[in-house]
Every structure is written in structure tokens, then in C-alpha cells.
Number of protein chains: 2
Amino acid sequence: MPLSEEQRQNMKKRRQKILNTAVYLFATEGYEGTTIKKIAEAADVSFGNVFTYFKDKEQLFYAAVVEPLEAISDQILDFNENAEDPLLELQEMVKKDIQLFAGEQNYLTLVVQVVGQYQRFPEPFDQLNQFHDHWREKVGRLIENGQHKGLLKKQASMPVATLYTSLLIGIRLNNTDTRYSDMWAQYITPAFQLFGPIHE
Amino acid sequence: MPLSEEQRQNMKKRRQKILNTAVYLFATEGYEGTTIKKIAEAADVSFGNVFTYFKDKEQLFYAAVVEPLEAISDQILDFNENAEDPLLELQEMVKKDIQLFAGEQNYLTLVVQVVGQYQRFPEPFDQLNQFHDHWREKVGRLIENGQHKGLLKKQASMPVATLYTSLLIGIRLNNTDTRYSDMWAQYITPAFQLFGPIHE
DNA sequence: TGGTTACGAACGATTACTCAATCGTTAATA
DNA sequence: TATTAACGATTGAGTAATCGTTCGTAACCA
């Protein structure tokens, strides 16, 4: 006797609500600081019901770190490393990434925790690390593209790519206020300098 | 009957040992993840003795965040914003800061936690924030110095200064391995690009 | 009625913190 | 110098509260 489609949808929504609440609480109160009781109350769900969707606290944390990553990684990797005009592609990438990082405060705070305490969270850290390597290498190839066309200063590409991703997570860390998203716009031009553009 | 000088020295050492242990454990295991019992064992001190030096866990955490800040802030602020050759001063500053951030893994991981979860730790965050403002403004003045001398590209100085401090904490976050400190050297030159140096 | 989700009281483990007892050192006395 | 009284650092068992997890029961739907 299978469940009705409506019920399966409701359960899916309920699971997602728990997960979103968990992301927020894990991000703002840490792993041990976040209790199942708090999550249940904030998600308007009974205490025991959390365990029907997630085996235990550790698995819930893992899901909170890894599941949102898929949605975000698609946006971050959405640029053409073989662009005809790599300078323009870089500039649009920077603009897009900065806006993205400005918006995603909760989740990125959670990411910062996992990366900062990677010894405590080896499994979710591994997932983040894999994505980070992909990302950095793709950025590195776009930089080399620009260098071959004589539009960027010649220098090792990977350190620059690493500095770029470091810069993004660093800005997120340093800007506690999300509200004034105008502030973020002023970072775009100077951040672009990092790649060593050659102006004629 | 006052304590002898030797005893007061021993107590000072004991306090410092507890504090150093606390920095390490808070950094690697988080606030709630770090128990007084763990700290006492790791510092080779009895459980109850921790409370003779620190009123409670919260005060110990505050001390672990704020006390090392004084030693580090002196090094970070050690540059001349009115230097005759601001380009050279900037370059040396970058080199020094990157080396400093490469070495101080434990404490900076703790800083990342406080900044990332600033709502949970308002008092220590406030201290970090005050120092950060000082630092950024001093860097900003050095940048303006360079711009007035025609050595740096004209642009708003504060966003660049903010990007610089963001970059530093971001590199620390992205490089989990301290051992290969050679790696850090390769960041110096590209990071310097951020300030928009004008080469003739 | 049969089967699955939702619920929350109960359980053992662990937490921060207290406190009465103990230990080590100091300084005055013999 | 040897003895001892006294003071404060040190100790860890004890306390109340809270944690993650389990599980029997209730509620819901096909």
C-alpha cells in the first residue's frame, strides 16, 4: 500500500524544512551548540520526527553541508573557460560570484566552520574540498586562456586562482552585514585586479 | 602571608598553559565541543584547578580569543603608512603578513569561528572587530599614500584594504596544510597585484 | 484493517560548575 | 635548626541540568 503522491510531497517539504532549519542553526550556533530539540522547535516539527528523516545528528549535519552544495556549485561553475574574450568572462564571473557570496550568508558560514575545523568533519570536508579543487582548476584554465591571448600578466595561474577563491570566502567572513548588498558592488573592480589585467 | 615570587611565576605559567591548550581545543573542536575536562587533561591540570584561573568557560573562551590578539596585532600594525617608498612598504607588509598568517594556524582558526558566528560570541567579536577596523584604516592610508605619489592606480582605498584583509584570512582558511610553508611564498606577488601597482 | 508517519516520555551518558577535604609552602616560634 | 600554625592553591567526587537516541503509543491514510 504505497503512499499517495500528495503525502510524499508533504514529506519532502517537511524534510527540506528540517534541513533548512538545520543549516541555519548549525551555521549560527555550531555543531554541538545546535540541539535536535532546537531544530525540531524551529522547524515546527516534533522532536522524534527529526529522526524519521535523518538517521542521527551526524547524518543531518552531513546533509546540511553537502545538499546545498549541488545547487550552488552549478552557479559557480557556470562560466566558459575557453571564452573568446577571457577578460570579459573573468569580469562577469567576478561580478556573479561576489553577488552569489553576498546572498548566501547562512550556508557559507556553515562552510567556513567545516573548513576551519576540517579535522572534526572529515566526510563533509572531503566533499567541499573536491568541489573546491574542480572550481580552482577551472578558474586557473580561464586565467591561462587570458594569458595566452596577452590580456593578462604572465604568472603562475594556480596561486592566482587560489587567491581568488580565498578572497571570496574572506569577504563573506569580513562582512557581517548582508543587508547593504550595495557594499558588495564596490569590491568587483578591485578584486578583478588580482588577475593582473593588462590595460593598453 | 603573600605568595613567594617563585610561586607567582609558577601560577602564571600554569595559567598560560591552560590558555594555550584552550586556544588549541576551542579552535579544533569548537566551543561546545571543547569540555573543561578535555582542557584540564590536555594541560595536565586537575579539573577544578581550571576554575581558579578562569571564572567559567565563557571567560576562558574570551581570554583565549583576546589575549593572543595583543601580541599579534603589534606585528600586524608594524608598518609605516607614511613611508617614502609606499610600494616597497606595501610589498614588505604583504610578505610579512602572509608569513605571519601561515604560521598562526590555531589562533586564526579560532578567530574564524568567532567571526563566522559573531552572534554567539558578541564580546570577543567586538574586540576582534575593533582591531580589524584599526588595521584596515591604517592599510587604507598607506594605499592613499601610494596613490598620491602616482605609484598605485587611483581607486577607493577602503574597499581595497578590506579585500586585502579578506584575502589573508581566506588563504588561511583554504590552506589546511601548514607544513609546506614554501607554498605561501607563491602568494606574495599575485596578492600584491590587488593594490593596483603601476609599472613603468 | 494494515502500514507508515508523528509524537514525546524515558534512559543512560555527559555537561559545567561547586565545595569540602587535602596538600604544599611560608614564616613565626622554640 | 627544627617545629608548627596558617593560608591559599589544588583536587575530584558530587549535583543538577541537558544531551542524543530509543521506543511504545497515537494518529493518519489507503
Side-chain angles (χ1 to χ4, degrees), chain A residues 1-26 28-65 113 117 120-121 123-124, chain B residues 1-26 28-65 113 117 120-121 123-124:
Chain A
M1 204 173 301
L3 294 168
S4 71
E5 184 59 25
E6 190 192 346
Q7 264 221 316
R8 297 210 304 115
Q9 284 296 326
N10 281 341
M11 286 183 69
K12 209 168 180 178
K13 277 188 183 175
R14 192 173 270 245
R15 200 194 107 104
Q16 195 59 44
K17 192 173 183 183
I18 294 171
L19 195 69
N20 291 342
T21 308
V23 168
Y24 172 74
L25 286 176
F26 280 135
T28 52
E29 317 209 9
Y31 181 78
E32 327 278 350
T34 300
T35 68
I36 305 288
K37 192 184 166 195
K38 282 184 191 171
I39 296 174
E41 281 173 3
D44 204 29
V45 155
S46 81
F47 179 81
N49 194 207
V50 174
F51 293 94
T52 66
Y53 293 96
F54 302 94
K55 189 176 117 244
D56 52 25
K57 192 182 178 182
E58 192 184 328
Q59 199 188 78
L60 173 55
F61 185 78
Y62 181 83
V65 175
Q113 278 188 60
Q117 307 178 57
R120 279 183 86 206
F121 310 114
E123 291 95 352
Chain B
M1 201 177 303
L3 294 170
S4 69
E5 184 59 26
E6 190 192 343
Q7 267 219 318
R8 298 210 302 115
Q9 284 297 326
N10 281 341
M11 286 183 69
K12 209 169 181 178
K13 277 189 183 175
R14 193 173 269 246
R15 199 194 108 104
Q16 194 59 44
K17 193 173 183 183
I18 295 171
L19 196 69
N20 291 343
T21 308
V23 168
Y24 173 73
L25 286 176
F26 280 136
T28 52
E29 316 209 9
Y31 181 78
E32 326 278 350
T34 300
T35 68
I36 305 287
K37 193 184 166 196
K38 283 184 192 171
I39 295 174
E41 283 173 1
D44 204 28
V45 155
S46 81
F47 177 83
N49 198 11
V50 174
F51 293 94
T52 67
Y53 293 96
F54 303 94
K55 191 178 115 243
D56 53 26
K57 192 182 177 182
E58 193 184 329
Q59 200 189 76
L60 173 54
F61 185 79
Y62 180 84
V65 175
Q113 279 188 59
Q117 308 179 58
R120 279 183 86 205
F121 310 114
E123 290 95 352

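For clarity, every value in this text was computed on a predicted model and none was experimentally measured. Each chain gets a letter, A, B and so on, in the order its sequence line appears, and its residues count up from 1.
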*Asks:* Taking NZ from B/K37 and C1' from C/dA13, how many angstroms apart are they, rounded to a whole number?
*Replies:* 11 Å

*Asks:* Figure out the CG/P separation between A/N10 and D/dC29, and round it to whole Å.
*Replies:* 9 Å

*Asks:* Is the side chain of B/K38 donor-acceptor paired with the backbone N or O of B/G33 at a distance under 3.5 Å, no angle test?
*Replies:* yes

*Asks:* Between the main-chain N or O of A/L25 and the side-chain N or O of A/E29, is there a donor-acceptor pair closer than 3.5 Å?
*Replies:* no

*Asks:* Is it true that a side-chain atom of A/Q59 and a backbone atom of A/K55 form a donor plus acceptor pair closer than 3.5 Å?
*Replies:*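 Yes.
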
*Asks:* Starting at CD1 of A/I36 and ending at C1' of D/dT21, how long is that distance when rounded to a whole Å?
*Replies:* 9 Å

*Asks:* Distance check needed: D/dT18 C1' versus A/E41 CD, whole Å only.
*Replies:*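 Spelled out: CD on A/E41 to C1' on D/dT18 is 13 Å.
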
*Asks:* Tell me which nucleotide among D/dG20, D/dC29, C/dA6 gets nearest to the side chain of A/Q7.
*Replies:* D/dC29

*Asks:* In whole angstrom, give the distance that lies between atom CG of A/D56 and atom P of D/dC19.
*Replies:* 17 Å

*Asks:* Measure from the side chain of A/S46, starting at C-beta and using heavy atoms only, and say which of C/dT5, C/dG8, D/dT10 lies closest.
*Replies:* C/dG8

*Asks:* Where the side chain of B/M11 is concerned, which of C/dC7, D/dT10, D/dC29 is the nearest nucleotide?
*Replies:*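 Closest nucleotide among those given: D/dT10.
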
*Asks:* So if I take every side-chain heavy atom of B/F47 and compare against C/dC17, D/dC19, C/dG8, which nucleotide ends up nearest?
*Replies:*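 Closest nucleotide to the B/F47 side chain: C/dC17.
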
*Asks:* Base, sugar-phosphate, or nothing: which does B/R14 touch, judged by heavy atoms less than 4.0 Å apart?
*Replies:*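 Sugar-phosphate, backbone atoms only, no base.
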
*Asks:* Output the rounded distance in Å from CZ (B/F54) to C1' (C/dA16).
*Replies:*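 The distance from CZ of B/F54 to C1' of C/dA16 comes to 16 Å, rounded to the nearest Å.
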
*Asks:* Within the structure shown, what part of the strands sits under 4.0 Å from B/Y53 by heavy-atom distance: base, sugar-phosphate, or nothing?
*Replies:* sugar-phosphate

*Asks:* CZ of A/R8 versus P of D/dC29: gap in Å, rounded?
*Replies:*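 That distance rounds to 17 Å.
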
*Asks:* So B/Y31 and B/F61, would you call those rings parallel, tilted or perpendicular, with 30° and 60° as cut-offs?
*Replies:* perpendicular

*Asks:* Rounded to whole angstroms, how far apart are CD on A/E29 and C1' on D/dT18?
*Replies:*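 Value for this atom pair: 15 Å.
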
*Asks:* Tell me if a side-chain donor or acceptor on B/K57 pairs with a main-chain N or O of B/T34 at a distance below 3.5 Å.
*Replies:*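 The answer is yes, because a donor-acceptor pair under 3.5 Å joins these two groups.
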
*Asks:* Using a cut-off of less than 4.0 Å, is there contact between a side-chain N or O of B/T52 and OP1 or OP2 of D/dA9?
*Replies:*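 B/T52 to D/dA9 OP1/OP2: no side-chain N or O under 4.0 Å.
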
